[in-house]
Number of protein chains: 2
Amino acid sequence: MRPTIKDVARDSGVSVATVSRIVNGLPGYSPETRKKVMKVIEDLGYKPNAVARNLVSRKTSTIGVLLPQLSSHFAAKLLQGIEDEAHNRRYSVVVCNTDSNGKRTQDYLELLREKQVEGILFASELLTDEYAETLQGFGIPAAVIATTSHVPSIPFIKVDDEAASYSAVQFLIENGHQRIGMISGTKHDPISGIPRIKGLKKAFSENGIPFEEELIEYGDFGFRSGYEAMERLYRSNPELTAVFAASDEMALGILSFCYEKGMKVPDDLSVIGYDDTDIATMSIPPLTTVHQPIQEMGTDAVRMLMKMIDGNQPESRFMAYRITKRNSVKNLT
Amino acid sequence: MRPTIKDVARDSGVSVATVSRIVNGLPGYSPETRKKVMKVIEDLGYKPNAVARNLVSRKTSTIGVLLPQLSSHFAAKLLQGIEDEAHNRRYSVVVCNTDSNGKRTQDYLELLREKQVEGILFASELLTDEYAETLQGFGIPAAVIATTSHVPSIPFIKVDDEAASYSAVQFLIENGHQRIGMISGTKHDPISGIPRIKGLKKAFSENGIPFEEELIEYGDFGFRSGYEAMERLYRSNPELTAVFAASDEMALGILSFCYEKGMKVPDDLSVIGYDDTDIATMSIPPLTTVHQPIQEMGTDAVRMLMKMIDGNQPESRFMAYRITKRNSVKNLT
DNA sequence: CTGAAAGCGCTAACAG
DNA sequence: CTGTTAGCGCTTTCAG
């Protein structure tokens, strides 16, 4: 049995109240009793029980994070940012892998509530009305990352996908490309799918480039799907000089496809990705891509959550993006 | 104020004991009272407070995981395995990023103890005597992953680095290579550094290949360091036909170096990596590498921990490794 | 400066 | 079948 505050009190001949004060650095005891008590604490190896503490203080100093997957590079980077900032604020983070599963997500939400977490972060996935509702019912501060929310009490933090996508295509056009294709993510994804397509269309129309549906193929953001989508895209549009991929992984899929077909990147085909995860620096050639400050979104989201825990209502935020130029886009001009 | 068990008891005209029984599915009430109580629970939106529960049951159903970094692909994959299995067992996991910092690690250890986690997993980093000692002092079940432990009460789960390394080099030799170099990780790393070098030496000596110190360059397991180490290695050993890298990331660094120098992989140089993380499939050419069942190590570690929580003392375990053949090694024979 | 006592929300005997 | 009563380990008035 681990020693409790009672044991310390008994052994040092004081009341538990005094021990509590000493442990918590509150005033109200003489230097001598403090010394005496500290010694007993030391001897016994006493450590306060956070569970008991949390019960009376009604605070747990922990937040929960829901992610559709833990093994993606995006999730990893985000988690790094979240954990870092949480640790700075002396908060713990419990991770939940929703697997993009509604039931599982709801279960986790319940669980987090029962565990009395002080805040919930929900990332990279559509915040359904259902989720938003249960979250609001909880009355626990919550924010979403890399996804939107139309509920004002649940702010979001993300980059403006349409604008970023527009910039990427614009960048291609500025480099002299006119025959541009796209490998989008999941077809009707309202977060990372549709807006990015919209950005491309906007860039096309502003530059007088006609848009056709067959210029777009769909993947699932993963490497393999990028490779396969490129296969289809190339078959229907062999004359393309550049393609924009909605994720770095899919962009690498394109690179692999080109390699196998003997097409040189960027000489025969230019490729631009999206995310700027570590793999963008490790590819051959290094990938030009839309940079999202993933880790920073994590730390900022935690800051947001902390504001809410402190009783304020922060605004949703768009993070800055930029094009990180490496060597996968050729200048045709 | 969220409703408590008392509110439910009052509103349904029964005692808290009865409500508790109903909530926990214990026997001891008529179907009618159950129905009545359930209705009140529903109306009030009552959910049990896990903190209070944990206090009396002295169980928290949560484990803590310490990782030197969260954003690496290795960590991400491991976490995925850990969270999955923990969730199966209805356990929560709190993540801690030690940043390979001794102070920070000790702080986390204290924190986890205070939060009364039921088990601790420590990954990818040397378990110092100091850590082992505080862990043992806690009396909380603990296991280490991808690293060793000489403390019997803290079992490890890892692949046999020396044997795996030996296999990798043996594979190269079987493919006709004799002039083989290595890019190792951190120089005196007792876990992933020294044993892997030992494996290489063993393969060399068994095949009558003379070993020289200059055949090895050191990196830090990261991409950039792999590139730079290869630069040095190539300068001093331009006649190499194959290089063994102690991590996939460093292997990709080698690939990039070769690309820039106009050397074809595997035609001009064969490369074999270590880990078999996702990037090994995404490189050009796809990387032949030593497969470590990372995610599985995570799930198995949780199983181990659960056994310990149940009062048993599991044995340390070596996981199976294998060579995953892709296209970065040329057969010279 | 210090202690007694009343909880925090819940579980678990123990009576009835 | 159901209620009463002690706590779990700690914080926090309120007295003194």
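Naming: A, B, ... by sequence-line order, numbering from 1 per chain. Worth saying up front: this structure is predicted, and the values here are computed from it rather than measured.
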Residue pairs passing the salt bridge (Lys or Arg N to Asp or Glu O under 4.0 Å) test with at least one member in residues 61-78 of chain B, sequence neighbours excluded, are B/K77-B/D278
Write out all pairs satisfying ring pair (Phe, Tyr, Trp, His ring centres under 6.0 Å) with one or both partners inside residues 70-99 of chain B, taking only residues at least two apart or from two chains. A/Y108-B/H87
Distance only, no hydrogens: is a donor on one side chain within 3.5 Å (strictly under) of an acceptor on the other, for B/T98 and B/E125? yes
Quick one: salt bridge (Lys or Arg N to Asp or Glu O under 4.0 Å) pairs with a partner in residues 10-26 of chain A, sequence neighbours left out? A/D7-A/R10
Distance, nearest 0.5 Å, that separates OG1 of A/T134 from CG of A/D129: 11.5 Å
Side-chain donor-acceptor pairs of residues 46-55 of chain A under 3.5 Å, sequence neighbours excluded:
unit_1: A/K47; atom_1: NZ; unit_2: B/E110; atom_2: OE1; d: 3.0
unit_1: A/N49; atom_1: OD1; unit_2: A/V51; atom_2: N; d: 2.7
unit_1: A/N49; atom_1: OD1; unit_2: A/A52; atom_2: N; d: 3.2
unit_1: A/R53; atom_1: NH2; unit_2: A/N24; atom_2: OD1; d: 3.1
unit_1: A/N54; atom_1: ND2; unit_2: A/A50; atom_2: O; d: 3.1

In whole angstroms, how far is the C1' atom of C/dC1 from the CD1 atom of A/I22? 11 Å
OP1 or OP2 of C/dC1 under 4.0 Å from side-chain N/O of A/T33: no
Sidechain N-carboxylate O distance under 4.0 Å for A/E85, A/R89: yes
Got a second to check how far B/L79's CG is from B/Q295's CD, nearest 0.5 Å? 10.0 Å
Contact under 4.0 Å: A/S30 side-chain N or O vs C/dC1 OP1/OP2: no
What does the B/S/- profile of nucleotides 6-16 of chain D look like, 5' to 3', with a 4.0 Å heavy-atom cutoff to protein? --BBBSBB---
Using the C1' atoms of five pairs at each end, what's the angle between the two axes of the helix from C/dC1-D/dG16 to C/dG16-D/dC1, to 10 degrees? 40°
If I take atom NZ in residue B/K35 and atom C1' in nucleotide D/dT2, what distance separates them, rounded to the nearest angstrom? 20 Å
